[in-house]
There are 2 protein chains.
Amino acid sequence: MEQYNAYSFLLDRTARRVKQYAQYQFNCREFGITVDQWAILKNLKQYADLSQKELAEYCGKDQPTLTRIVDLLVGKKLVERRIHPTDRRSFIVHLTAAGDQKIEALSNSVNEIRMQAWQNLNEADFEHLKRILNTIYTNLELDNGNTSIDG
Amino acid sequence: MEQYNAYSFLLDRTARRVKQYAQYQFNCREFGITVDQWAILKNLKQYADLSQKELAEYCGKDQPTLTRIVDLLVGKKLVERRIHPTDRRSFIVHLTAAGDQKIEALSNSVNEIRMQAWQNLNEADFEHLKRILNTIYTNLELDNGNTSIDG
DNA sequence: TAATAATAATTAGTATGACAAATATATGGA
DNA sequence: TCCATATATTTGTCATACTAATTATTATTA
C-alpha cells in the first residue's frame, strides 16, 4: 500500500517541475508575468468578461487566490475590474488592450515552452495521461459536477 | 500546440487536488502535521540521519523550503538538528522518539487516505503513469541543472 | 599560505494554495 | 416588509515554492 504514497509524490514532483520550468523560461525571457497569471489572461481571452467566481472556476483556482492574482494583473494594467450590471457584490474582470497585446506577444513562445515537457510522448500516452488524471480527479471529487478535461 | 497548455493545466490541477484531499483528511483526523511534513518524516525513517541537503534531494524540495519544514518539525519535537561530525556548515536531521511514534501511529491511516486517489486504476495504468511522469521529468532536467530522483 | 571559489544553511521577498472569517449585497420565505 | 440565509469578494493566517542574497565554513589553487 506504500506504493500509493510513491505515486502521489511522483505526481506532485512532476507537476512542480513542469510549472517551475515554465516559470524559469518566463523569467529568462522577461515576460513580466507568472505562469498562473498567464492562465488567467488566456481564460479571459477565450471566454471574454467573466465574474471573478466564474474566472476562478475556469482557472481551477479558489476565490481568495484568484482575487490576489487579479490584484497583480490590475497592478500591471493587463486587466481591469468593472462593475457588474446586475449584482453589486460582483465584479467583471476585463482584459485591457495591454493585456490583449501581451497575449499576442507571448502566445507562440509560451506554446514552445510548454511543448518542451511533452517530448518523447505519443498520442496514446496523452490519452492514457488524460484518462488517468481525470480518473484521479474524479476519485477525489468533493461535490462539483463532472469537470473532466477532454481535449 | 495549445493542447500542451491543457495537459500542463490538467497535471497541475490533479496534483493539487491529490495534495488538498490528503491534507483535508490529515486535518479532519487531527494528525497535527502537513502532507509535506509527513514526507520528510517518512524519508528520515527510511534513510535515517541525513544532512538537510540530502534530505531536500530525497524529498524533492529546495533547500530554503526544507529549512522551513524542518524548523516546523523541530518546533513539534518530531525531529532535531544535530551537529555534523566532519562539516560544521552542515546539520544532521534526526528523527526523535516522538517522531518515530508519530510515524507508527499514522502510517496505516495515511496509506488509506492516499489509496483513495488511485481507485478505478489498474497495474497497467500505474505503469503508464510512472513512465509518462518520469519522461516529463526527464524532459525538463537539463535546463535547470537540478536534482534527479529516481521514482 | 593567502586568496579565491565552492558549498550548506539561512534569510528575505514575492507568489500561490488552502481555509476561515468578515463584509456587502442578494434572495427567499414568513 | 422583515428576517434569515446564501453568495461574491476580500482579508488574514499559515504553509509551500522559487529566487536571490547572506553567512559560515570548506576546498582549491596560485
*Asks:* Expressed as a whole number of angstroms, how long is the span from B/Tyr21:OH to C/dA18:P?
*Replies:*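 Distance check: B/Tyr21 OH to C/dA18 P gives 16 Å.
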
*Asks:* Under the side-chain contact (heavy atoms from CB on, under 4.5 Å) rule, what do B/Glu123 and B/Glu127 come out as? Steps first, then yes or no, please.
*Replies:* CA-CA 6 Å; B/Glu123 276 308 313; B/Glu127 291 310 312; 4.2 Å; yes

*Asks:* Any side-chain N or O of A/Thr67 under 4.0 Å from OP1/OP2 of D/dT10?
*Replies:*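 Indeed, a polar side-chain atom of A/Thr67 lies that close.
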
*Asks:* Measure the distance from CG on A/Leu73 to P on C/dT16 and round it to the nearest whole Å.
*Replies:*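 The distance from CG of A/Leu73 to P of C/dT16 comes to 8 Å, rounded to the nearest Å.
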
*Asks:* Between A/Trp38 and A/Phe26, what is the ring plane arrangement, given parallel below 30°, perpendicular above 60°, and tilted in between?
*Replies:*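 Taking A/Phe26 first and then A/Trp38, their aromatic rings stand perpendicular (interplane angle over 60°).
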
*Asks:* If you compare every side-chain N and O of B/Gln63 against the phosphate oxygens of C/dT7 (OP1, OP2), does one of them come in below 4.0 Å?
*Replies:*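 Indeed not, no polar side-chain atom of B/Gln63 lies that close.
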
*Asks:* Taking only N and O in the side chain of B/Lys76, is any of them less than 4.0 Å away from OP1 or OP2 of D/dA15?
*Replies:*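 For B/Lys76, the contact criterion (side-chain N or O under 4.0 Å from OP1 or OP2 of D/dA15) is not met.
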
*Asks:* So with a 6.0 Å cut-off around OH of B/Tyr24, is the heavy-atom count from everything else above 12?
*Replies:*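 Open.
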
*Asks:* So which one's nearest nucleotide on DNA chain C is more toward 5', B/Pro64 or A/Lys19?
*Replies:*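 Looking at the nearest nucleotide for each, B/Pro64 comes out on the 5' side.
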
*Asks:* What is the distance from CD of B/Gln23 to P of D/dT13, rounded to the nearest Å?
*Replies:*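 To the nearest whole Å, that distance equals 20 Å.
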
*Asks:* Would you mind reading off the distance between A/Phe91 atom CZ and C/dT25 atom C1', rounded to a whole angstrom?
*Replies:*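 Computing the A/Phe91:CZ to C/dT25:C1' distance gives 12 Å.
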
*Asks:* Classify the nucleic acid contact of A/Ser90 as base, sugar-phosphate or nothing, counting any heavy atom under 4.0 Å across all strands shown.
*Replies:*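 If one applies the 4.0 Å heavy-atom cut-off, A/Ser90 turns out to touch the sugar-phosphate alone, with no base involved.
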
*Asks:* Given 3.5 Å as the limit, does a donor-acceptor pair link the side chain of B/Ser51 with the main chain of B/Ile92, or not?
*Replies:*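 Such a contact is absent between B/Ser51 side chain and B/Ile92 backbone.
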
*Asks:* Quick one: does A/Asp12's side chain have a donor or acceptor within less than 3.5 Å of a partner on A/Ser8's backbone?
*Replies:*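 No.
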
*Asks:* Could you state the atom-to-atom distance from CG of A/Asp12 to P of D/dA15 in whole Å?
*Replies:*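 Rounding to the nearest Å, CG of A/Asp12 and P of D/dA15 are 18 Å apart.
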
*Asks:* Output the rounded distance in Å from CZ (B/Arg68) to P (D/dC18).
*Replies:*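 Computing the B/Arg68:CZ to D/dC18:P distance gives 13 Å.
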
*Asks:* Should the pair B/Tyr4 and A/Trp118 be assigned to parallel (<30°), tilted (30 to 60°) or perpendicular (>60°) ring geometry?
*Replies:*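 Taking A/Trp118 first and then B/Tyr4, their aromatic rings lie parallel (interplane angle under 30°).
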
*Asks:* Looking at C/dA18, D/dT9, C/dA9, which one has an atom nearest to any side-chain atom of B/Gln20?
*Replies:*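 Closest nucleotide among those given: C/dA18.
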
*Asks:* Please give, in whole Å, the distance from D/dA17 C1' to A/Arg17 CZ?
*Replies:*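 After rounding, the reported distance stands at 13 Å.
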
*Asks:* What is the distance, to the nearest angstrom, from the CG atom on B/Asp62 to the C1' atom on C/dT7?
*Replies:*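 Going from B/Asp62 (CG) to C/dT7 (C1'), I get 16 Å.
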
*Asks:* Is there a side-chain contact (heavy atoms from CB on, under 4.5 Å) between B/Lys102 and B/Lys76? Walk through the geometry before answering.
*Replies:* CA-CA 11 Å; B/Lys102 178 72 85 171; B/Lys76 293 173 182 178; over 6 Å; no

*Asks:* Could you list by number each residue of residues 29-39 of chain A showing a heavy-atom separation from DNA chain C of less than 4.0 Å, or answer none if no residue does?
*Replies:*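 Residues of residues 29-39 of chain A that come under 4.0 Å of DNA chain C are, in numerical order, A/Thr34, A/Asp36, A/Gln37.
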
*Asks:* May I ask which nucleotide in the shown strands pairs with D/dA30, Watson-Crick or G-U wobble, both distances under 3.5 Å?
*Replies:*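 D/dA30 is paired with C/dT1.
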
*Asks:* Extract from the structure each pairing of a protein N or O with an N or O of nucleotides 22-28 of chain D at less than 3.5 Å, listing the distance.
*Replies:*
from   : atom 1 : to      : atom 2 : distance (Å)
D/dT26 : OP1    : B/Arg88 : N      : 3.0

*Asks:* How would you label the contact of B/Leu66 with the nucleic acid (heavy atoms, under 4.0 Å): base, sugar-phosphate, or nothing?
*Replies:*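 Answer is nothing: B/Leu66 stays at 4.0 Å or more from every strand.
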
*Asks:* Strictly below 4.0 Å: does B/Lys53 bring a side-chain N or O up to OP1 or OP2 of C/dT10?
*Replies:*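 Looking at the OP1 and OP2 atoms of C/dT10, neither is under 4.0 Å from any side-chain N or O of B/Lys53.
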
*Asks:* Taking B/Val35's backbone N and O only, do any of them form a donor-acceptor pair with B/Gln23's side chain (distance below 3.5 Å, no angle check)?
*Replies:*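 Flag set: sc B/Gln23 to bb B/Val35 pair under 3.5 Å.
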
*Asks:* Hey, does the side chain of A/Lys61 come within less than 4.0 Å of C/dG17's phosphate (OP1/OP2), counting only N and O?
*Replies:*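 Looking at the OP1 and OP2 atoms of C/dG17, one of them is under 4.0 Å from a side-chain N or O of A/Lys61.
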
*Asks:* About how many Å separate CZ of B/Arg81 and NE2 of B/His94, when rounded to the nearest 0.5 Å?
*Replies:*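 Between B/His94 NE2 and B/Arg81 CZ, I get 14.5 Å after rounding to 0.5 Å.
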
*Asks:* Should the pair A/Lys53-A/Glu57 be classified as a salt bridge under the 4.0 Å nitrogen-to-oxygen rule?
*Replies:*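 A/Glu57 and A/Lys53: salt-bridged.
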
*Asks:* Taking 4.0 Å as the cut-off, does a side-chain nitrogen or oxygen of A/Thr65 come that near to OP1 or OP2 on C/dA15?
*Replies:*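 For C/dA15, OP1/OP2 do not have a side-chain N/O of A/Thr65 under 4.0 Å.
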
